[in-house]
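One structure below.
Treat the numbers as computed from the prediction; the structure is a model and nothing was measured. Hydrogens, waters and symmetry mates are skipped; everything else that's a heavy atom, side chains included, is used.
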Amino acid sequence: MPELKIGLPKGSLQESTFALLRAAGWDFSVSSRSYYPTVNDKELTAMLARPQEMSRYVERGVMDMAITGLDWTLENDSKVEVLERLVYAKATRSPVRWVLAVPEESDIKAPKDLEGKVISTEVVGLVKKYLEKHGVNARVEFSHGATEVKVPYLADAIVDVTETGSSLRANRLRIVDTVEESVTVVVANQAALADPWKKAKMDAMVLMLKGALTAKEKVLLKLNSPRKSLDAILKVLPSMHSPTVNDLSDKDWTAVETIVDSSVSRTLIPELKRLGAEGILELSVNKIIP
């Protein structure tokens, strides 16, 4: 039986990645001491690895594909194919940022003020490219963690990753600039993509992952509408194409259903009720395939 080797992120992205895969149809599970998850798909073999290292393993062919961070793929300068960008992180559905930060009282206000300074970071390569782009000479030191505490005594500035900026603010740090924006990506080995079976398997997984991710922010609305109110109700109903309308056995009523953003349902449902809709149902959806 053919087999696809997939790498999954260990660490902060692991839980959210497993949840997304589960919604897409692949139920991965792993014990706390293991690096080899099991899955309900005999065509898959999985391994956990740190996102910082993942793209190197894919480039070498140890893994056919992996879910990792765009930032670490760029940091490693890995020769892999990015199949898809999946915008989710451990806490939000927004890209994460590697930001240049300094103590609140620092005189550093712009990239040019870094000349001759010391910068502590985990992404040395990205920071060196950033400095080169701005024509600045500075010393970049690798940080093994707890980067926020390196300033002001061990470094003049840091470049650290953030989703909300709350940790930086808690440590009385001020963001000067964004060095790189990153999202979760699906990357593939170039030789694996040349294998028709592996490519088809990867394309199918990407399709289902995108469908599951899209569905996270959508709900299905179903309602009954008086025929006389149908036009007014359809005017306020958003949809991916157009709402589905079916006749009921009572000719004075119709059944309507549509997909909407979950964030609008709290204002939309009262408006539908005001227009005469009845039997309104809001249902979660697992996947939406355009």
Are [X] and [Y] close enough that a side-chain donor and a side-chain acceptor fall under 3.5 Å?
{"X": "Thr73", "Y": "Ser78", "value": "no"}
{"X": "Trp98", "Y": "Asp71", "value": "yes"}
{"X": "Ser167", "Y": "Glu148", "value": "yes"}
{"X": "Thr45", "Y": "Tyr36", "value": "no"}
{"X": "Asp41", "Y": "Trp26", "value": "yes"}

Between [X] and [Y], what is the shortest heavy-atom contact and its length?
{"X": "Ser55", "Y": "Val80", "value": "O-CG1, 3.7 Å"}
{"X": "Met54", "Y": "Ile67", "value": "CE-O, 3.6 Å"}
{"X": "Ile280", "Y": "Lys273", "value": "CD1-N, 4.1 Å"}
{"X": "Leu21", "Y": "Met205", "value": "CD2-CE, 4.3 Å"}
{"X": "Ser120", "Y": "Lys150", "value": "OG-CG, 3.5 Å"}
{"X": "Pro103", "Y": "Asp156", "value": "CD-O, 3.9 Å"}

Ignoring hydrogens and angles, tell me if any N or O in the side chain of [X] forms a donor-acceptor pair with the backbone of [Y] under 3.5 Å.
{"X": "Asn224", "Y": "Ala255", "answer": "no"}
{"X": "Ser229", "Y": "Leu275", "answer": "yes"}
{"X": "Thr214", "Y": "Gly211", "answer": "no"}
{"X": "Arg227", "Y": "Asp247", "answer": "no"}
{"X": "Thr121", "Y": "Val159", "answer": "yes"}
{"X": "Thr147", "Y": "Ser143", "answer": "no"}
{"X": "Asn40", "Y": "Asp27", "answer": "yes"}

ILVMFWY cluster, Leu20 and Val219 together (side-chain gap under 4.5 Å):
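No, Leu20 does not connect to Val219 through the hydrophobic network.
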Mind running side chain to side chain donor-acceptor pair (under 3.5 Å) on Thr178 and Arg97 for me, showing each step along the way?
CA-CA 7 Å; Thr178 296; Arg97 295 183 298 149; 3.1 Å; yes
So, applying salt bridge (charged side-chain N to carboxylate O under 4.0 Å, His left out) with Asp261, which one of Lys218, Arg266, Lys216 is it?
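Of all the options given, the one that passes is Lys218.
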Hey, is CG on Asp107 packed in by over 12 heavy atoms from elsewhere, all under 6.0 Å?
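Atom CG in Asp107 is not packed in, count stays at 12 or less.
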Measure the CD-NZ distance between Glu81 and Lys199 for me, rounded to the nearest 0.5 Å.
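Separation between the atoms: 10.5 Å.
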What class does the angle between the rings of Phe28 and Phe18 fall in, given that below 30° is parallel, 30 to 60° is tilted and above 60° is perpendicular?
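Phe28 and Phe18: tilted rings.
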